[in-house]
Number of protein chains: 2
Amino acid sequence: MTKTTSSIRSGAFKATRKTHSNESAEDYTELVADLIEANGEARTVEVARHLGISHVTALRTIRRLQNEGFFETAKHKPIYLTAKGKKLAAYCKERHQTILQFLNLIGVPEKVAEVDAEGVEHHISKETLRALKEHISKFAE
Amino acid sequence: MTKTTSSIRSGAFKATRKTHSNESAEDYTELVADLIEANGEARTVEVARHLGISHVTALRTIRRLQNEGFFETAKHKPIYLTAKGKKLAAYCKERHQTILQFLNLIGVPEKVAEVDAEGVEHHISKETLRALKEHISKFAE
DNA sequence: TCAGAAATGTAGCATGTGCTACATTTACTG
DNA sequence: CAGTAAATGTAGCACATGCTACATTTCTGA
Ligand SMILES: [Mn+2]
Ligand SMILES: [Mn+2]
Ligand SMILES: [Mn+2]
Ligand SMILES: [Mn+2]
């Protein structure tokens, strides 16, 4: 008997891996935008503190994201968002909010909702985001 | 002016990183269980094909998961799930299904739903899963 | 102003996961 | 049962992200 090879759905796994490779960009830009709004500027140590990682890891990742065009920064200077970075941050922040709102709506405890939203957000496509929004308004009638 | 340090929510980021470190275990055990059900056995190449990665990467990861007690296997032999592995696979499969069902309910297109579910699932806590189920039954009245 | 604190940066290490190239073993098929 | 195809395994590379230890620069307050 030859193997049925049960369909092969590698596409979803490939997409998930691609999403993961973009997660830092999403979390870092969103966080940097928040810090700038809250403190007037974003500094590496502060990014590290909020992410719960060492300042060295934050430094290196910020440098990579600068090379990829999300940040602008110089030695011993604060971190600025490029237009590309601002756009990504704004999209992520809005998406993050929508997800939190949804989790809230269906009765997930606040603390848990915050954790789940932080992980889930990166995997929510534009289509699902739209569906979530529509569902929220429909359900909150 | 001293920095406001805008709350510090590093807990959610830490939890997300921990979740990621467990993702392979979840996807691999679920997939291996599926393959055993569909084909009678699970082989490394087949796992690799379904995940869309090289057989070498699959081999190495399966070995790690064996050391962590999810699989049992020997050279040139198929992959078996331990009790621990079976338990994880069953939980993940059920959760995966629930999420797909929910995405379907709110009108996300099939293909997109499959991709989103594959990524999102790992970040859905027991609390959110329960809330999702309740919401599904409430909404599908 | 200037000494100590805070921030930034470098060096070097680890782990997980991705790859190709090549070797060996097992399975299938004529 | 021999020869080929498929599966498995090894070696060795890359990259992202985590860490500590230590060096240097900048900021700050007495
Ligand atoms: Mn996040
Ligand atoms: Mn976020
Ligand atoms: Mn998955
Ligand atoms: Mn899954």
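Everything quoted here is computed from the prediction, not taken from an experiment.
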Measure the distance from [atom1] on [X] to [atom2] on [N] and round it to the nearest whole Å.
X	N	atom1	atom2	answer
A:Ile79	C:dT8	CD1	P	7 Å
A:Asn39	C:dA7	CG	P	12 Å
A:Tyr28	D:dA16	OH	P	13 Å
A:Arg43	D:dT25	CZ	P	16 Å
B:Lys77	C:dT25	NZ	C1'	11 Å
B:Glu68	C:dT15	CD	C1'	11 Å
B:His55	D:dA6	NE2	P	14 Å
B:Asp27	C:dT17	CG	C1'	13 Å

N/O donor-acceptor pair, side chain B:Arg63 with base D:dG9, under 3.5 angstrom |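 Donor-acceptor pair under 3.5 Å: no.
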Pairwise 5' ranking along DNA chain C for A:Leu59 and B:His20, keeping only the more 5' one | A:Leu59
Taking the nucleotide of DNA chain D with the closest heavy atom to each, which residue, B:Val56 or A:Glu23, is nearer the 5' end?
->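 Mapping each residue to its closest nucleotide by heavy atoms, the 5'-most match is B:Val56.
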Would you kindly compare B:Ala42 and B:Arg17 by the position of their nearest DNA chain D nucleotide and give the one closer to the 5′ end?
->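 It is B:Ala42 whose nearest nucleotide is closer to the 5' end.
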Could you check which of [options] has an atom nearest any side-chain atom of [X]?
X	options	answer
B:Thr61	C:dT8, C:dT17, D:dT8	C:dT17
B:Arg60	C:dC19, D:dT26, C:dT10	C:dC19
A:Ile53	C:dG9, C:dG18, D:dC19	D:dC19

Taking only the side-chain nitrogens and oxygens of B:Thr57, find out if one of them lies under 4.0 Å from OP1 or OP2 of C:dC19.
-> yes
Phosphate OP1/OP2 of D:dT10 contacted by B:Lys75 side-chain N/O (<4.0 Å) | yes
May I ask you to say what A:Ser21 touches in the nucleic acid, namely base, sugar-phosphate or nothing, with a heavy-atom cut-off under 4.0 Å?
-> nothing
Which part of the nucleic acid, if any, lies within contact of A:Ser54, taking any heavy atom under 4.0 Å across all strands shown: a base, the sugar-phosphate backbone alone, or nothing?
-> base
Are any of the side-chain heavy atoms of B:Arg43 and B:Ile79 separated by less than 4.5 Å?
-> no
Kindly confirm or rule out a cation-pi arrangement of B:Lys86 over B:Phe70, judged by NZ or CZ under 6.0 Å from the six-membered ring centre and within 45° of its axis?
-> no
With no hydrogens and no angle check, do the side chains of A:His122 and A:His96 hold a donor and an acceptor under 3.5 Å apart?
-> no
Do A:Thr19 and A:Thr16 get their side chains close enough for a donor-acceptor pair, meaning under 3.5 Å?
->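 Looking only at side-chain atoms, A:Thr16 and A:Thr19 do not form any donor-acceptor pair under 3.5 Å.
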Would you call the rings of B:His20 and B:His123 parallel, tilted or perpendicular, where under 30° means parallel and over 60° means perpendicular?
-> perpendicular
Are the ring of A:His76 and the base ring of C:dT8 both nearer than 5.5 Å at their centres and tilted by less than 30°?
-> no
